[in-house]
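See below for the structure under consideration.
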Amino acid sequence: MTRPPTVLTPHADDPEPLPHPAPLPFTAPWSYELHFPCDPRAPGIARLTLRAVLTAHGLAELVERAELLTSELATNSVRHTKGPAFVRLHWLDPVLRVSVWDMAPDLPPMVSSPVVPTCADGGRGLLILDLLADRWGGCGTGEGPYGPAGKTIWFELALTPGLPPTLAA
């Protein structure tokens, strides 16, 4: 015998539902984080998440560069480490900072030559980062009370000066 579904109806003594908060002002700071396992699908999920967040916050101007650079860094995390990683987006008007942390404590070697052989399977990520980011850097972290050892590579993209764009609904 199957039971009919339970239907919830408001009761006269129930308080009024709370109204939804207003969207953050364009200039208000915010942060989002996406934690992911060492899985080849993770960079694509990071790209989709970044695109959704930036579009919702009216930062479509930054989406293409941020998506490419985040994809490069997240792909490196998945290809060259064995553990989890995360992407953090931090907006402080007019600059977006994207940080990618992984469990490998060594910073990637700097490429001395801007020429990478066309048949090379990799080696272009830091060159692309250097060309497209307004600023970038990285730091290694040792094992400590706040978590495991690893490294963070970050980049910043500045919004073109002008009026803030319209926020997405």
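- Under the 3.5 Å distance criterion, with hydrogens and angles disregarded, a donor-acceptor pair is assigned to the side chains of S77 and D102.
- Heavy atoms only, all atoms of each residue included: L24 and A28 are closest at CB-CB, 4.2 Å.
- The shortest non-hydrogen separation linking A104 to T81 is CB-CG2, 3.3 Å.
- With a 4.5 Å cut-off between side-chain heavy atoms of Ile, Leu, Val, Met, Phe, Trp and Tyr, the cluster of L48 takes in none.
- Legend: residues meeting salt bridge (charged side-chain N to carboxylate O under 4.0 Å, His left out) with E33, ordered by chain and number and at least two apart, are R88.
- Separation of atoms CD1 (I153) and OG1 (T70) is listed at 12.5 Å; rounding is to 0.5 Å.
- For T141 (side chain) and G150 (main-chain N/O), a donor-acceptor pair under 3.5 Å exists by modelled atom type.
- Between W30 and W91, the two ring planes are parallel [angle under 30°; tilted spans 30° to 60°].
- Summarising the geometry of I128 relative to E72, their closest heavy-atom pair is CD1-OE2, 3.9 Å, with the distance given to 0.1 Å.
- Taken together through direct or relayed side-chain contacts under 4.5 Å among Ile, Leu, Val, Met, Phe, Trp and Tyr, L69 and F36 form part of one hydrophobic cluster.
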Please determine whether side chain to side chain contact (heavy atoms under 4.5 Å, CB included) holds for the pair V95 and L159, giving the CA-CA distance in whole Å, both sets of side-chain angles, and the decisive distance to 0.1 Å. CA-CA 6 Å; V95 175; L159 193 63; over 6 Å; no
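- Not counting sequence neighbours, the partners of H35 by the ring pair (Phe, Tyr, Trp, His ring centres under 6.0 Å) test are F86.
- If you take CG on L62 and CG on L89, they are separated by 11.0 Å, rounding to the nearest 0.5 Å.
- The side-chain heavy atoms of K82 and C38, taken from C-beta on, include no pair separated by under 4.5 Å.
- Summarising the geometry, atom CG belonging to D134 is positioned 8.0 Å from atom CD belonging to E156; distances are rounded to the nearest 0.5 Å.
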T55 and V63: CA distance, side-chain angles, deciding distance, side chain to side chain contact (heavy atoms under 4.5 Å, CB included) verdict: CA-CA 7 Å; T55 300; V63 167; 4.1 Å; yes
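- No donor-acceptor pair closer than 3.5 Å links the side chain of K151 to the backbone N or O of C139.
- Residues R65 and L68 are not in side-chain contact: their nearest non-hydrogen atoms beyond the backbone lie 4.5 Å or more apart.
- Minimum heavy-atom separation, G83 to M103: CA-SD, 3.8 Å.
- Annotation: side chain of L96 is not in contact with side chain of F155 (no heavy-atom distance under 4.5 Å).
- Residues V98 and L50 have side chains in contact (heavy-atom distance under 4.5 Å, counting atoms from C-beta outward).
- Atom CZ in R51 sits 12.0 Å away from atom OG1 in T49 (nearest 0.5 Å).
- Tracing side-chain contacts under 4.5 Å through hydrophobic residues (I, L, V, M, F, W, Y), one never reaches L34 starting from W154; they form parts of separate clusters.
- Contact of the R97 side chain with the W136 side chain is not registered, since no non-hydrogen atoms from C-beta on lie closer than 4.5 Å.
- The distance from the OG1 atom of T75 to the CZ atom of R79 is 8.0 Å, given to the nearest 0.5 Å.
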